[in-house]
Amino acid sequence: MMIMKRSAVAAAAALAVTLSLPVAAQAGGQPAAPAGAVPQVLPIGVAVSALPIAVEDTGYQRTSFRHWNAGDIPADGCNTRAEVLLAEAVVYPEIGPGCTLTGGVWWSYYDEREVTPAGALDIDHMVPLAEAWDSGAAVWTAARREAYANDQGQPASLVAVTARSNRSKADQDPAEWLPPAPDALCRYGAEWTATKLRWGLAVDEAERDRLLDIAAGCGGTDVEFTPAP
């Protein structure tokens, strides 16, 4: 049954990928995303099948991705981490001098936990920096890697979660780690796929197969992404 589902997904993907994705992404390279690129919406199985497969690079160093920088609004005095926390707050915190956040409540969907205060949260790169490096970022410029590490242009790229869940995930892909909350699975699979499509990142075979397994159980889930500029 799983093989039949995968075959159907692959067949449907051929046309959808041709119509919906930038040419460079189809070839496995960096997406050719002109200014004003429009959002793309694909069924999760089609989206996973659109991901190029490639052998992973090596040589990742955390210093290759500058973060956190001054964020999307440099004048607000908050860095990217703080801006993500403010955007995702369920109960908005008070903002003090130096963008110190007091109070506030957040929801960590990986493990379905309500979290407070802000210091108890990590900002997770949906596709970890090491995984991004392995999947294509090794050939990017330093400026593009910085843009990736601080990406607020797509909500799924950075997510506030419990420090425990983020550190359990580390730099693992979905073949190696998935959120512990069962209800998080479809969202996580879609957001991982969306991030890779946004940045033109590849997958390895084990990662692709696990994503297809997730997609087979997540009918009706869409993947929304906008190619990164």
Side-chain angles (χ1 to χ4, degrees), residues 33 35-41 62-132 137 142-171 177 179-181 183-199 201 222-229:
V38 297
Q40 305 288 323
V41 181
R62 190 170 179 82
T63 53
S64 297
F65 292 81
R66 179 174 175 260
H67 67 292
W68 306 109
N69 65 18
D72 284 359
I73 311 172
D76 68 3
C78 298
N79 64 13
T80 300
R81 170 187 161 82
E83 287 182 357
V84 172
L85 288 171
L86 291 170
E88 296 191 9
V90 176
V91 176
Y92 208 70
E94 294 183 6
I95 306 173
C99 200
T100 301
L101 305 183
T102 304
V105 177
W106 288 263
W107 179 252
S108 171
Y109 89 83
Y110 288 3
D111 43 6
E112 296 184 337
R113 291 183 180 275
E114 189 175 89
V115 183
T116 190
L121 292 147
D122 280 357
I123 303 301
D124 181 38
H125 291 91
M126 173 55 60
V127 175
L129 301 181
E131 172 67 20
R144 188 163 184 81
R145 287 196 291 267
E146 180 178 349
Y148 176 85
N150 296 275
D151 181 23
Q152 295 185 68
Q154 180 165 282
S157 297
L158 298 171
V159 56
V161 295
T162 58
R164 179 177 182 179
S165 64
N166 183 47
R167 293 165 198 184
S168 171
K169 172 182 173 178
D171 62 359
W177 185 92
D183 289 344
L185 188 61
C186 293
R187 176 179 172 182
Y188 187 80
E191 292 187 347
W192 180 280
T193 303
T195 304
K196 287 224 160 177
L197 288 172
R198 172 169 168 76
W199 289 93
L201 296 170
D222 286 333
V223 172
E224 301 182 25
F225 70 98
T226 302

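Just the heavy atoms: all of them, side chains too, but no hydrogens, waters or symmetry mates, feed the values below. Bear in mind the structure is a predicted one, so any value in this text is a computation, not a measurement.
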**Side chain to side chain, Asp111 and Val161, heavy atoms closer than 4.5 Å** = no
**Complete:** Between Ala89 and Tyr92, the two heavy atoms sitting closest are CB-CA, 4.0 Å
**Request:** Mark yes or no for whether Asn150, through its side chain, and Asn69, through its backbone, hold a donor-acceptor pair below 3.5 Å.
**Result:** yes
**Asked** Which pair of heavy atoms, one from Ser157 and one from Thr195, lies closest together, and at what distance?
**Response** CA-OG1, 4.1 Å
**Request:** Indicate yes or no for a side-chain donor-acceptor contact from Gln154 to the backbone of Thr226 under 3.5 Å, with no hydrogens or angles considered.
**Result:** yes
**Prompt:** When you look at Val84 and Trp68, which way does the side-chain contact (heavy atoms from CB on, under 4.5 Å) test go after all the steps?
**Reply:** CA-CA 11 Å; Val84 172; Trp68 306 109; over 6 Å; no
**Asked** What's the shortest heavy-atom distance between Thr162 and Ser108, and which atoms?
**Response** N-OG, 3.1 Å
**Request:** Please state whether the rings of His125 and His67 are parallel, tilted or perpendicular, taking 30° and 60° as the class boundaries.
**Result:** perpendicular
**Request:** Give the minimum heavy-atom separation between Leu85 and Ala160, together with the two atoms involved.
**Result:** CD2-CB, 4.0 Å
**Prompt:** If you measure from CG on Leu158 to CD on Glu191, what distance do you get to the nearest 0.5 Å?
**Reply:** 11.0 Å
**Message:** Using a 6.0 Å cut-off, check whether atom CD of Gln152 has over 12 heavy atoms from anything other than its own residue.
**Reply:** yes
**Asked** Can you check side-chain contact (heavy atoms from CB on, under 4.5 Å) on Asp183 and Tyr109, steps first, answer last?
**Response** CA-CA 9 Å; Asp183 289 344; Tyr109 89 83; over 6 Å; no
**Prompt:** Taking side chain as C-beta onward, heavy atoms only, is Tyr110 less than 4.5 Å from Asn166?
**Reply:** no
**Message:** Please check this pair: side chain of Glu112 against backbone of Ala181, looking for a donor-acceptor N/O pair closer than 3.5 Å.
**Reply:** no
**Request:** Could you tell me whether Glu131 and Lys196 have a side-chain N and a carboxylate O separated by less than 4.0 Å?
**Result:** yes
**Request:** Looking only at non-hydrogen atoms, find the nearest pair between Ala170 and Pro128 and report the distance.
**Result:** O-CG, 3.5 Å
**Between CD on residue Glu83 and CD on residue Glu88, distance to nearest 0.5 Å** = 12.5 Å
**Item:** Atom pair CG (Asp122) and NZ (Lys169), whose distance is rounded to the nearest 0.5 Å
**Value:** 11.0 Å
**Message:** Looking at Gly189, is its backbone amide N or carbonyl O close enough to the side chain of Thr193 to form a donor-acceptor pair, meaning the two atoms are under 3.5 Å apart?
**Reply:** yes
**Request:** Report yes or no: does Trp107 contribute a side-chain atom to a donor-acceptor pair with the main-chain N or O of Val90 at less than 3.5 Å?
**Result:** no
**Side chain proximity check, Leu86 to Ile95, heavy atoms < 4.5 angstrom** = yes
**Message:** Strictly distance-based, threshold 3.5 Å: is any side-chain N or O of Arg66 a donor or acceptor partner for the main-chain N or O of Glu146?
**Reply:** no
